[in-house]
Amino acid sequence: MRWVSGPLEIARRGRAEGFSLQNKQILERFHDPASLDILKNSAVDCLVLSWAAGLTEDALQQKSAGPLVAAARERNLAVVGWVENTADPQAAIAAARSAGLAAVAIENFKGRSDFPVIPWGDRAKMPWDAPGPVLAASGNVWPGVSMPGGGSSAGPTGAPWVDSNGWFLQMARARVSRPLWLMFDPPAKGRIFAAADYETTVCDSEIAGGRWVISLDESVRAGLIAGNPAAREIFGRIGASIRFFDMHADWRTFRSLGVLGVISDFTGDNYEMSGEILNLAARRNLPYRVIWKSQALAQPFTGLKALLYADRQAPEAPLRRKMMAFVEHGGLLIAGPEWGPEGAPADPGFDTQFAVRTYGKGRLAVAKDELADAFQVAGDAQLLVSHANDLVKVYNAASVGCTLVLGSPDGQRDLVQVLAFATGWSSGARTVWVSKKYSGNTRLWSIGSAQPMLIEPAPADEYFGVECRIPAGVPGYFALEFEA
Amino acid sequence: MAGAGAAGLALLRPARSWANAPTAPVAIARCPGYGPEFLSASEKLFDQLGGLGRLVKGKTVTIKINLTGEAGMRLDHVSAGRTTWTHPRSVATVVHLLDKAGARRIRIVEGAWAWAASLEEFMYLANWDARLVLSAAPRVELVNTNLPYKGKKPYTRFPVANGGYLFPAFDLSTAYAESDVLISMAKLKQHLTAGVTLSMKNCFGCSPTTIYGDKLPLDEPSPVPYGGRGEIGHAGSRQPPKSAPPEKDPKSPREPGYRIPRFVSDLAAANPINLAIVDGVETITGAELPREGYTKPVNPGVLLAGTNCVATDAVAMAVMGFDPMAERGTAPFQKCDSTLKLAEELGVGTRDLKQIEVIGVPIERALFRFLDHVGPVPPIE
């Protein structure tokens, strides 16, 4: 949990407009060891405390945190010091060692240390290869239907715009196997956050295999210190959500069963385009598998129907050959305009920015112009891949939701996770269609239920596959676990 | 309205030709489901009408199916084919029978809301197995009539016979022009705006949303649709692009209950339906789409067909427990004009049951009173 307290936070936040005496007092109260009482019986086992930002208050923060750190240790709570790249990392490490911290999280740490260091960075420039027990990312978004300025905003289709970090976590998990922490705070102004908002926030990270480092808004923090029941209810529900996913820790080892492989180095301009394609494909519930270009030669394309290569630079010859072999054997390759002239023209069947050609048993869809609009690319990719290859459909779902289809490493279990971002949306009679013909009982898991509900999939009425009827009252997030 | 103004309005009305409106027999069959029983019921129904062969042999046949609303919407857990849409197996069955009757080419068409890709792709989105439909006969094609028809002429102008109410003519997909026979495969449903939606209202979806849709350019059809049919069809808040014929009287009421029945009647007069099939095997009561607390899935187990769309819709209304002669203010037309009456006055067909021969199951035995099967919560339009 992000533990926001002490002189360093007062110094940083004190510059913001509207910072009040009450705000200051709350930061002071959280620096008091007695504040740890709010964590009694909670799911929190680690505090991330601001430690060094290159400000004069760093030293005071570190010195004044002593009692808090000691009390936390007595309660078996690990304390991690948060260090920004404006601070001296070695000095921060020395202070952390001296204060008894479990580790420090240092932005873009490149040095060496015998003290545990958690590397962190902005998600666009992650220190992927930096050693450490955990990798942490900043620059994330508060998940949910986007409401800048308190009003709703619309995406290019007129549909509500949804913010989610799931795509980034899928990308990250394809690269590293370490635990991934997402660092972000509730938006500072303009909204009051309900328990459902926090639950959605936990779920958005957890279903994609990451962990949000809990960060509470000012109102909830004040309420917890004051013993306010509403704040305690919110905090309790955050804890229940985290415990739920801890109970299903093995789900973090599951991998995407997506039919579209998105290949990129996810760096620089390529990150901007390919990352946004992942983001927008997720919004469309287009199931994808992230393939880092550096791993693409070694990874089989088994189970994929299509590949998407949006990087500006052509792939190395061996990878290109592998991708063309995939097409020759019946796959679809969607690529930028530089790909090359292979194949014979074919009718794409819709108005698209890609010229479609047949090649071998498969198809090439090569952009007519420079790829510039990730929204358009994701939309066209979905139609090129075809809804005939959908893995899951959720009926009567909120239009703003996401669905993840994952499989266990041993291939014995498949998992469909459904998250509705529209909090407060009444969950009606939802039906989940899945393309595989699962037999036997299926477990329906939802937060707050220790035991699963057994659902018997029924053959789909109008198509292949099976359907699961989700009873009314099941909340916005649920998971269906199938025996594969 | 009175005096000169009213007299002027009267000049805009089409001549009342209802007394001479054509009629044709309507066949009713019992059909409990969409399995093999649908094939036998359909065969019997078409035989009772004199056989499909005389209508379709050697012809290009276009089937307008009904895929209204969103693909992800269901009434409770029940699939759309069993409530709000034409059922995919019923489409495949009719395609099979058309082929058997000698149809040269069969074209299945729909202009689903703002769908900009192929109809086949929409079917997959909707969890239909498009292959089932495409493989039901040798020469089957699927056309999204929202989009410009592929070829030299994307749209063709269809003048409204007898002048029309709202529009003198429509620009529709050339797929309709390159067709000898139009079949409307509709669902037996109530409709919140039009009272009922049967074979004629199904063809509201013939209007391309690139010309009669929302958010369009002012001058030319949009290359792809951007919205449904709310602005022009329902609200009348704008005219079609200048490339298409404008409304006859832009000062006529902008009320959906006035406009939709006229829009639909005009379309029925412009693009005649040669065979109306109304599926009341399984359907929804109360509205055309799910409305929580009001609409219910039901199984009237009835199938109707006729070669005159007004006559067929009139018999279908009677099967639903409504009087096809009902005027505005009377169920199911409490808030709208009667499409049947308007189409009758355009000379499309009669709605007078006394003028219609009913073959097969009598109306009294097929009767399924829709109003007895609606929920307590009135829908909000």
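A, B, ... follow the sequence lines: proteins, then strands. Residue 1 opens every chain. These numbers come from the heavy atoms of this one structure, side chains and all, not from hydrogens, waters or symmetry mates. From a predicted model like this one, the values you see are computed outputs, not experimental measurements.
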Between the side chains of B/Thr197 and B/Glu288, does any donor sit under 3.5 Å from an acceptor?
-> no
Indicate whether any N or O donor in one side chain lies under 3.5 Å from an N or O acceptor in the other, for B/Tyr155 and B/Ser243.
-> no
Per-residue contact mode, [X] against chain A (heavy atom under 4.5 angstrom):
{"X": "B/Ala114", "result": "neither"}
{"X": "B/Trp115", "result": "side chain"}
{"X": "B/Arg89", "result": "side chain"}

Single hit among A/Val405, A/Leu391, A/Leu332 for side chain to side chain contact (heavy atoms under 4.5 Å, CB included) with A/Val259 = A/Leu391
[X] side chain to [Y] main-chain N or O, any donor-acceptor pair under 3.5 Å?
{"X": "B/Asp214", "Y": "B/Gly230", "value": "yes"}
{"X": "B/Lys187", "Y": "B/Asp279", "value": "no"}
{"X": "A/Asn279", "Y": "A/Trp167", "value": "no"}
{"X": "B/Thr210", "Y": "B/Asn146", "value": "yes"}

Residues of residues 116-135 of chain B near chain A, each having a heavy atom less than 4.5 Å away = B/Ala116, B/Ala117, B/Ser118, B/Glu121, B/Tyr124, B/Leu125, B/Ala126, B/Asn127, B/Trp128, B/Asp129, B/Arg131
Would you mind listing every salt bridge (Lys or Arg N to Asp or Glu O under 4.0 Å) that reaches into residues 469-481 of chain A, with sequence neighbours excluded?
-> A/Arg413-A/Glu481, A/Arg443-A/Glu481
For the residue pair A/Phe301 and A/Phe326, does the interplanar ring angle fall in the parallel (under 30°), tilted (30 to 60°) or perpendicular (over 60°) class?
-> perpendicular
Please name the pair of heavy atoms, one in B/Ile211 and one in B/Pro221, separated by the smallest distance, quoted to 0.1 Å.
-> CG1-CB, 3.7 Å
By side-chain contact (heavy atoms from CB on, under 4.5 Å), B/Tyr149 pairs with (sequence neighbours left out) B/Arg107, B/Glu141, B/Val143, B/Ser173, B/Thr174, B/Ala175, B/Glu178
With chain B as the partner chain, list the residues of residues 347-355 of chain A whose heavy atoms fall under 4.5 Å from it, by residue number, and write 'none' if nothing qualifies.
-> A/Asp347, A/Gly349, A/Phe350, A/Asp351
